[in-house]
Structure formats: C-alpha cells, structure tokens
Amino acid sequence: MNGIHLTLPDGSVREAPEGTTPREIAKSIGPGLARAALAARVDGAIVDLDRPLRRDASFAILTDRDPDALDVLRHSAAHILATAVRELFPRAAIGFGPPIEDGFYYDFEVERPFTPDDLEAIERKMAEVAEKDYPFLREEVSRDEANRRFRDDPLKLERIADLGDDETISIYTDGPFVDLCRGPHVPSTGRLKHFKLLSAAAAYWRGDSRRQMLQRIYGTAWFKKEDLAAYTHRLEEAKRRDHRKLGRELDLFLFHPVSPGSAFWTDKGTTLYRVINDYIRELQQRHGYLEIKTPLLYNKALWETSGHWGKYRENMFLVLDSETGEHDMSLKPMNCPSHHVLYGLGRHSYRELPIRYSTFDVLHRNEVTGALSGLTRVRQFQQDDCHIYLMPSQIAGEVRHVAEMILEVYRTFGLTATMKFATRPEVRIGDDAMWDRAEADLRAALEATGMPYDLKPGDGAFYGPKIDFDVGDSIGRKWQLGTIQLDYAAPERFDMLYVGEDNTEHRPVVIHRAMCGSFERFIAILIEHFAGAFPLWLSPEQVRVLPISDQQAEAARRVHQGLRDAGIRSVLDAGSQTLNYRIRDAEMAKVPYMAVVGQREAEAGTVAVRTRGAGSKQDVIPVGEFVTRLGESIRARALEL
RNA sequence: GCUGACGUAGCUCAACUGGCAGAGCACCGGUUUUGUAAACCGGCGGUUGAGGGUUCGAUUCCCUCCGUCAGCUCCA
C-alpha cells in the first residue's frame, strides 16, 4: 500500500493515494466542507486546494473561520486588483501585491498617479472580475519559461533574477491576468465579496528610497459583510478620536509653522502633561530612581564617544560655535550619553548599585519633514527615559522589577500591554557566552512576570537583547511604547567602572528603560484611547461650577474656591449665558463633573452634581462630600467617574 | 527627503467655466436671570499660507518656497 496518511485536526488519520488533492479530501469528508474550503494547511504550510499531497502530514481544510484564510483571501484580492488595473490600464507594470494587516495592496508602475475616480473605476472592475469567478490556476515553470512569460514586466523579471536556483518558480492565472507568485490562493475570484479600495499613494520599488516610486493601491477585504462594516466603522472611529483634531477642540496644544514639529501647549495641555509627568516622577521616586538634569547642549566629543557623530548627526540639530565658526555643538537628541558621563564622573562602589538615573529634559531630533505627524512624531519632546547601572548578577532581579513597574503604568492608564522578547541579531558585539547569559537573565525576568510574550529572534539591539512593550488602546490599535534594553557596549565606550567586593574595578551593565516613550506620543495615545474624555485625575479641568443665576454667584464662587483649596482643578462659569448653554459647553469640553448651584443648593450647602456622559441625572450632595469624593478618586487615579 | 493631494475669518466650511470674498459657531456689546446639551438683537473679524508670473481683472491658471495630510523612506 503506497498511500499517504493525513492527520486531521480532530486527531483522526485518513489514508489517501499519493497525489490526492486537498479538494478531494474535503469532498470525501463532506460536501459542505468542500463548498466552504478555501485552502489547506499541510504540516503548518498553507497550500491551494489543488496542490497534490505527496507525504504523510498533519492536515486541515481552511474555511473562512480560520484566521489564516483571511490572508489567503486578501492575497487573492490583490491579484484581482491587479487584474482590474491591467484591464483598465493595460500598460501598467506590476510590482508586488501582498496581504497586510486588515487588507492588501498592489504596486504598479504607471504613467500618472491614480486618482480617486480611477479607484472607483478599478473597484467596479474588481467586482466584475469577482463576478466572472475565474479559477486561480497554479503552474510551476522553468526560469526560461518565467522570463518569457514576463518579458514585458521589468519588475517581475528583476524578481525572477533574484530567485535562487533551488526555488520553485510558480505563476498564477486568474482569467486574463498572470502573475509570478508563490501562492496560495482561494479557489476562484468569486470568493472575493466584501472588499473596498481605500487609497492610492506612492511607494518605493522594493522599499528602497534610491529606486523609482510605484503607485500603490491599498484595499481591505473580509469574508463577511459585517466584518467589512466593522472595519470601516473602526476607521471612522479612529478619525473621530484623532488626537490632532481633539487636541484643537479640547484646547490642549497647537502647531505653528514657525516651529514645525514642536507643539505649543496651552494651559490645559500643559496641565495634562504635568499630571502625567508628576505621576511618573512619583512612581520612580518610590522605586529608588534618582532624578538628575544634564546639559541640553554638547560639543561633538560626546557624540564621538557615543558613536552618534557618524551616522546619526544628520538627525541632530547642530549649533554654530561663534568662536570656532564650526557647527560642532549639538542639542541632545537623547539622554543616554549624558547619563553615562555623569556616572563616570564619580567613583562607584558595588554597594551603590543599581544606580537608576532619570531625566525629563527636552530633547530635539531633526526628523525629516515628511516624517512629522501630530504629537506622534515631533522634533521636540521629553522622554521618561532612564538608565540603570548595575552588576551582571543584578540583571534578573532588576529587569523583573522594571517590567512590573512598566505594566503598572499601563494599568494605571487603562491600557493593556503585550511583551516581545528580542534576541541576538546577526550583527552584534560580545561573545556567545555573554549573550547566553544576557538572554537567559532577561527571559527569566520576563517569565517571572507571568505575562505571555512573543519571541522575536534576531530582533535585539546590536549591544544586547531587549524587551519591547506593545500597548493596545481602546479601539484595538497597537503602539510600541516601553522598552527594556540590556547594553554591554556603552560601559566600554564610556569606560564605566565600579569597585567590587574584591576591591578591584569591574564593568557595570547598563539597562535602557522607557515606559511612556515620549510624553508627546503617550499623550497622543491617551487622547485617542479616551477619545478626549479623560479620567478625573488626568482631566485638565476637573469640575465646572455653574450658578443657575446671578443670585447664586457668590455661593458658587465659594464652592469653586473650596474645590481649588482642596487642590481640585475647578473652573467657575458664571457667565450671563443660559444654564443650558453652559451645560452644553462643559459637556463638549468633556469636563468630568459639573457642580450646579441653584437657590436650593445655595441654601442647603449642597451642589447638584452632573457627571459627564450621564445626561441630566443629577446627584445632590453636600459640598464637603463632593470635595472628599473627588479627592479620593484623584488619589486612587480611578479610571471611571 | 520622495510621490500625490490640500492650504479662504480663531474653528467648520461656501464662493459656477477667472468677474464685488460669504455663512454658522467662537469672540465683543446690549437685552435676558435662567433648574440640566445652543435665549434674542447688534457688532468686530480677511494682504484668500508667502513670493513671483499670466491677464483688463486671480481665491480660481502657471512657477518657486513654506506648512498640513496620506503613503513610502527614516524612527539611532
């Protein structure tokens, strides 16, 4: 018997003749499955339904319920996009067209960029291609054959030339369109039902800024109509929460062409900034961090020592030294080297370690204009950046401590985090023994947190392994914020030392650590996470006191002053506008609480409290109780009102 | 930096193929004294991002620069 054995997901084993296709297996299991089948997973690899099976393997039919099937659909959607573009623009040269998170794209070399009207026409044509239900046919061809088939497609020829001799060259055909492609694909174009083209923009061929720009069309595709609707809703929601829009509406910060990429913070924005900074400062103080301040301006000697003067100089703001006439001074783009200098200025005992330096100074980086974006990519910012100097034996304990601290910060802001463990890259310094130890220490610390993490082999810094923290916000987007990096290079470059128990000099290790990343970016994320409706402790304005009429102006003023005396950020709105008007104004400013003072309240020493978002439901309580309640919420840094 | 789009009052947006720059909100003044999401009346507000060009005439067409946005590159 020369059959092959396929182990199905339920553990059962099916025997089939060699060369059987997944489609045939699906049919033999049931007609329903055969209809739903999109592709198959064979020993973990995803293949077309018509790919003959040659060996014993684990085997599963992919249907639209399998998350991996979405990638297959989107990859096929990219081909359908290219099919449509070729129909409408026969001279378009084709680049790459992969699936990406939430969708797909395809790159084309065309005579003029695509317009929004083009996109509409292409989208309609895609629907036609789907309607025709062309099967996706796979062929494996020789190099000569591939070169012949794509002789009019220079970009594809370049790709073919890059393929190794041992690689199979496969091409896929759907109706009129033929593409060089590894696959797999859904059985036919008709499987694409719920899709939408999103945008067109230029992208460098092969991601290389020295090469020509192609026109890239982005699209999204889903199995279910509801999923597509949910996705477009998510895009709208993200737009509604855009921190640039909310920053202006809530009067937090502004930008002006006199200083591109640097924010003007209003009083409210400055308050928010300060509250976050105060929290981080207090937390660090509790954990034994030492806050220091170092110069903003340095001559090039520092950057030569740190290694930044070479390649990184173009990102630094250089300052003209009027005596030398040279631009050999620079504003600091990061704190690390200055911390190392301060460490090196003293003689340190092993008894002092770990030494944890923290600085909130202003940093400047000369980002290229095209990279600037709201608060997420700025030229001037502040970091909650720290450097910890310690003995190798202290790494495990310290990393665990730092990881817990970072997770505590995210919890405090209601953000969820996942961790990535990045290990030794190809190009690195230090011997294998050092890396073995560093990775083991870092991993042990990571496991001690009990949190799940992803492994990113080869993704570490050249000077040591690291842990990155990805934070998820309220609409499911991911942001890389925190990082813990072990650094074995800086101690050498800066000739750092400590005196050990044995009274001889040793090299410490440095841990680079950030929790929020930059306050600017962190605030952008918080604005979008909370959609501008901050918890009480973060709100720039915590209470708005509203007298109903002039009669209660004095009583309201006393309530307002009482709140202020208790350290609560209160604003008194005793304007001549109607109460309705003033309530609407405060509601739109997303103030957490309104304290309404009318005749009854003034006489009883109470306030009618209206909570943000709770509508007209009010809670009449004594002023003292209101103040106490707010104080407790603020101290607890409560997330809910 | 690259490709493309965009830039009109503090904000959101109008102004037909080149023909008198306009509205709402905000702001200011007056009236109103209000019980939980917009009272009423009046007023101020513009070198249409900047500079140049074409034209009898430019917010509109062309060029340069600045800025913003999307994507790419970059994010040490």
Side-chain angles (χ1 to χ4, degrees), chain A residues 95 100 105 107 109-110 112-116 118 198-218 239 242 244-245 248-249 251 254-261 303 306-316 333-334 336-337 363 365-374 376-379 381 461-463 480 483 485 512 517-518 521 544 546-553 574-591 594-602 607-620:
Chain A
I100 52 174
Y105 69 77
D107 287 342
E109 191 163 30
V110 281
R112 61 162 180 86
F114 296 110
T115 65
D118 291 337
L198 300 172
S199 60
Y204 294 110
W205 167 231
R206 312 204 98 177
D208 186 340
S209 60
R210 289 164 304 188
R211 307 208 54 177
Q212 77 266 41
M213 293 206 103
L214 307 179
Q215 293 301 316
R216 175 172 297 178
I217 297 178
Y218 284 95
K239 219 175 192 173
D242 190 316
R244 292 166 298 197
K245 181 170 166 278
R248 194 173 46 240
E249 287 173 5
D251 193 27
L254 298 157
F255 285 93
H256 191 281
V258 291
S259 187
W303 309 115
S306 70
H308 290 103
W309 195 249
K311 188 175 173 290
Y312 197 70
R313 185 174 37 184
E314 58 199 41
N315 282 298
M316 302 203 292
M334 74 272 299
C336 337
L363 304 174
R365 296 184 190 182
N366 195 1
E367 303 289 355
V368 297
T369 51
L372 300 176
S373 177
T376 55
R377 196 75 182 274
V378 285
R379 286 191 173 144
F381 57 98
F462 73 92
Y463 47 72
Q480 204 227 291
T483 185
Q485 304 180 3
H512 299 251
S518 80
R521 185 177 290 183
R544 192 167 295 184
L546 305 173
I548 286 180
S549 79
D550 288 350
Q551 311 283 285
Q552 297 87 38
S576 67
Q577 291 284 6
T578 58
L579 181 64
N580 276 347
Y581 180 94
R582 286 176 287 148
I583 284 174
R584 180 167 189 271
D585 197 49
E587 199 73 60
M588 290 200 306
K590 301 188 197 285
V591 180
M594 284 173 240
V596 178
V597 182
Q599 191 60 39
R600 295 196 293 275
E601 289 77 14
V607 285
V609 179
R610 178 181 165 125
T611 306
R612 179 181 62 207
S616 56
K617 198 182 78 179
Q618 50 178 310
D619 193 9
V620 182

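Because only heavy atoms are used, hydrogens play no part in the values below, and waters and symmetry mates are left out as well, while side chains stay in. Everything numeric in this text was worked out from a predicted model, so none of it was measured. A, B, ... follow the sequence lines: proteins, then strands. Residue 1 opens every chain.
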Examine distances only and state if a side-chain atom of A:Arg521 and a backbone atom of A:Thr376 form a donor-acceptor pair shorter than 3.5 Å.
yes
Atom-to-atom span, CZ of A:Arg211 to C1' of B:G1 - whole angstrom
18 Å
Please tell me whether A:Thr483 and A:Gln485 have a donor and an acceptor in their side chains that are separated by less than 3.5 angstrom.
yes
Is any side-chain heavy atom of A:Glu601 less than 4.5 Å from a side-chain heavy atom of A:Val596?
no
Indicate yes or no: at least one non-hydrogen side-chain atom of A:Gln212 is less than 4.5 angstrom from one of A:Trp205.
yes
Could you tell me how far apart A:Glu109 (CD) and B:C72 (C1') are, to the nearest whole angstrom?
15 Å
Figure out the CZ/P separation between A:Arg379 and B:C66, and round it to whole Å.
11 Å
Taking CG from A:Asp251 and P from B:C25, how many angstroms apart are they, rounded to a whole number?
20 Å
Hey, is the main chain of A:Arg582 close enough, under 3.5 Å, to the side chain of A:Asp585 for a donor-acceptor pair?
no
Closest heavy-atom contact between A:Phe381 and A:Ser518?
CD1-CB, 3.6 Å
When we call it a touch if two heavy atoms are under 4.0 Å apart, what does A:Gly307 touch: a base, just sugar-phosphate, or nothing?
nothing
Give, for atom OH of A:Tyr105 and atom CZ of A:Arg216, the distance between the pair rounded to the nearest 0.5 Å.
4.0 Å
How many whole angstroms separate atom NE2 of A:His256 from atom C1' of B:A50?
13 Å
Whole-angstrom distance between B:A26 and B:A39, as gauged at atom P
10 Å
Would you call A:Ser549 and A:Gln599 a side-chain contact if the rule is heavy atoms closer than 4.5 Å?
no
How does protein contact run along nucleotides 29-41 of chain B, one letter per nucleotide 5' to 3', with B for base contact, S for sugar-phosphate only, - for none, heavy atoms under 4.0 Å?
---BBBBBBBB--
Mind checking the P distance from B:C20 to B:C16? Whole angstroms is fine.
9 Å
Please state the C1' separation for the pair B:G71 and B:U47 - nearest whole angstrom.
35 Å
Between B:G46 and B:A50, how far apart are the two P atoms, rounded to whole Å?
13 Å
Could you run through RNA chain B and flag its stems, i.e. three or more consecutive Watson-Crick or G-U pairs with both distances under 3.5 Å?
B:1-7 with B:66-72, B:10-13 with B:22-25, B:27-31 with B:39-43, B:49-53 with B:61-65
Can you tell me, in whole Å, how much space there is between the C1' of B:U59 and that of B:A15?
9 Å
Name the nucleic acid region contacted by A:Leu372, choosing base, sugar-phosphate or nothing; use a 4.0 angstrom heavy-atom cut-off, strictly under.
sugar-phosphate
For nucleotides 2-10 of chain B, read 5' to 3', which letter fits each nucleotide if B means a protein heavy atom sits under 4.0 Å from the base, S means only the sugar-phosphate is that close, and - means neither?
BBS------
Distance check needed: B:U73 P versus A:Leu214 CG, whole Å only.
12 Å
B:U55 and B:C61: how far apart are their C1' atoms, nearest whole angstrom?
10 Å
Are any of the side-chain heavy atoms of A:Asp118 and A:Gln215 separated by less than 4.5 Å?
no
Using a cut-off of 4.0 Å on non-hydrogen atoms, how would the nucleic acid contact of A:Pro116 be classed: base, sugar-phosphate, or nothing?
nothing
B:A9 and B:U48: how far apart are their C1' atoms, nearest whole angstrom?
10 Å
Within a strict 4.5 Å, meaning less than it, do heavy atoms of the A:Asp619 and A:Thr611 side chains meet?
no
Have a look at A:Gly374 and say if it touches a base, only the backbone sugar-phosphate, or nothing, with a 4.0 Å heavy-atom cut-off.
sugar-phosphate
Contact under 4.0 Å: A:Arg377 side-chain N or O vs B:U68 OP1/OP2
no
One thing to verify: whether A:Asp208 and A:Arg206 come together as a salt bridge, which I'm taking to mean a side-chain N less than 4.0 angstrom from a carboxylate O.
no
Atom pair distance, as rounded to whole Å: CD1 in A:Ile217 and P in B:C72
15 Å
Rounded distance in Å - CD (A:Glu367) to P (B:C74):
13 Å
Taken to the nearest 0.5 Å, the spacing of A:Leu372 CG from A:Arg379 CZ works out to 4.5 Å
Checking A:Arg612, A:Arg610, A:Arg544 against A:Glu587 for salt bridge (charged side-chain N to carboxylate O under 4.0 Å, His left out), the one that qualifies is A:Arg610
For B:U68 and B:C11, measure between their C1' atoms and round to the nearest Å.
16 Å
